Amino acid sequence: MGRARALVAHHHLRLDVAERSLTAEPQTGYALSYPLFGDDLKPAARRFAVAETLSHLERLAREGRALRIEADGVVTYTRPS
């Protein structure tokens, strides 16, 4: 049970970091993966970081904590106004 609680706490922490990374300017999941995972990742690790970042951003958007914008085939995220 302790491990499960630790995982849930870590998930909430990462959601908060993702939310704090949002700005008024639209940013892609790729761009937002840098504040969450740093800039010292190999390409394969960056792909996993982007996927994890997108998962957090989609959750934030569902909860109203992020605004998801899709235009011309590009999805970006901003702070809700």
Side-chain angles (χ1 to χ4, degrees):
M1 193 89 114
R3 177 71 178 140
R5 284 193 182 118
L7 288 171
V8 169
H10 178 74
H11 180 70
H12 287 289
L13 174 67
R14 300 306 283 172
L15 283 170
D16 292 342
V17 172
E19 184 176 22
R20 285 192 307 271
S21 299
L22 295 168
T23 65
E25 289 296 315
Q27 299 178 81
T28 64
Y30 178 82
L32 286 161
S33 74
Y34 281 82
L36 271 74
F37 293 95
D39 59 358
D40 191 29
L41 294 179
K42 295 185 188 225
R46 177 62 57 197
R47 285 191 294 275
F48 285 114
V50 171
E52 185 74 11
T53 300
L54 289 169
S55 175
H56 291 321
L57 293 168
E58 289 295 317
R59 167 106 182 242
L60 291 172
R62 278 194 320 274
E63 293 177 354
R65 296 166 60 189
L67 180 62
R68 183 184 194 274
I69 303 162
E70 187 170 353
D72 299 322
V74 177
V75 176
T76 57
Y77 301 86
T78 64
R79 233 185 354 237
S81 38

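No experiment lies behind these values; they were computed from the predicted model shown.
Arg65 pairs by the side chain to side chain donor-acceptor pair (under 3.5 Å) definition with Asp16, Glu19, Glu63, not counting sequence neighbours. For Glu58, the side chain to side chain donor-acceptor pair (under 3.5 Å) partners two or more places apart in sequence, or in a different chain, are Arg68, Tyr77. Residues forming a side chain to side chain donor-acceptor pair (under 3.5 Å) with Ser55 (at least two apart in sequence, or on another chain): none. Applying the side chain to side chain contact (heavy atoms under 4.5 Å, CB included) test to Tyr34 and every residue at least two apart in sequence or in another chain returns Tyr30, Asp39, Arg46. The side chain to side chain contact (heavy atoms under 4.5 Å, CB included) check on His12 picks up Val8, Leu15, Arg59, with sequence neighbours excluded.
Other residues, nucleotides and ligands contribute more than 12 heavy atoms inside 6.0 Å of the CD atom of Glu70.
Looking at Thr28, Thr53, Leu41 one by one, the single match for side chain to side chain contact (heavy atoms under 4.5 Å, CB included) with Ser33 turns out to be Thr53. Of the residues Val50, Leu57, Val17, the one that meets the side chain to side chain contact (heavy atoms under 4.5 Å, CB included) test with Leu36 is Val17.
Cluster partners of Leu7 are absent, since no Ile, Leu, Val, Met, Phe, Trp or Tyr has side-chain heavy atoms less than 4.5 Å from it.
Hydrophobic cluster membership differs between Leu32 and Phe37, with clusters built from Ile, Leu, Val, Met, Phe, Trp and Tyr side chains linked at under 4.5 angstrom.
Across every non-hydrogen atom of Pro80 and Gly64, the tightest pair is CG-O, 3.5 Å. Scanning both residues, Thr76 and Pro26, for their nearest heavy atoms gives OG1-CB, 3.3 Å.
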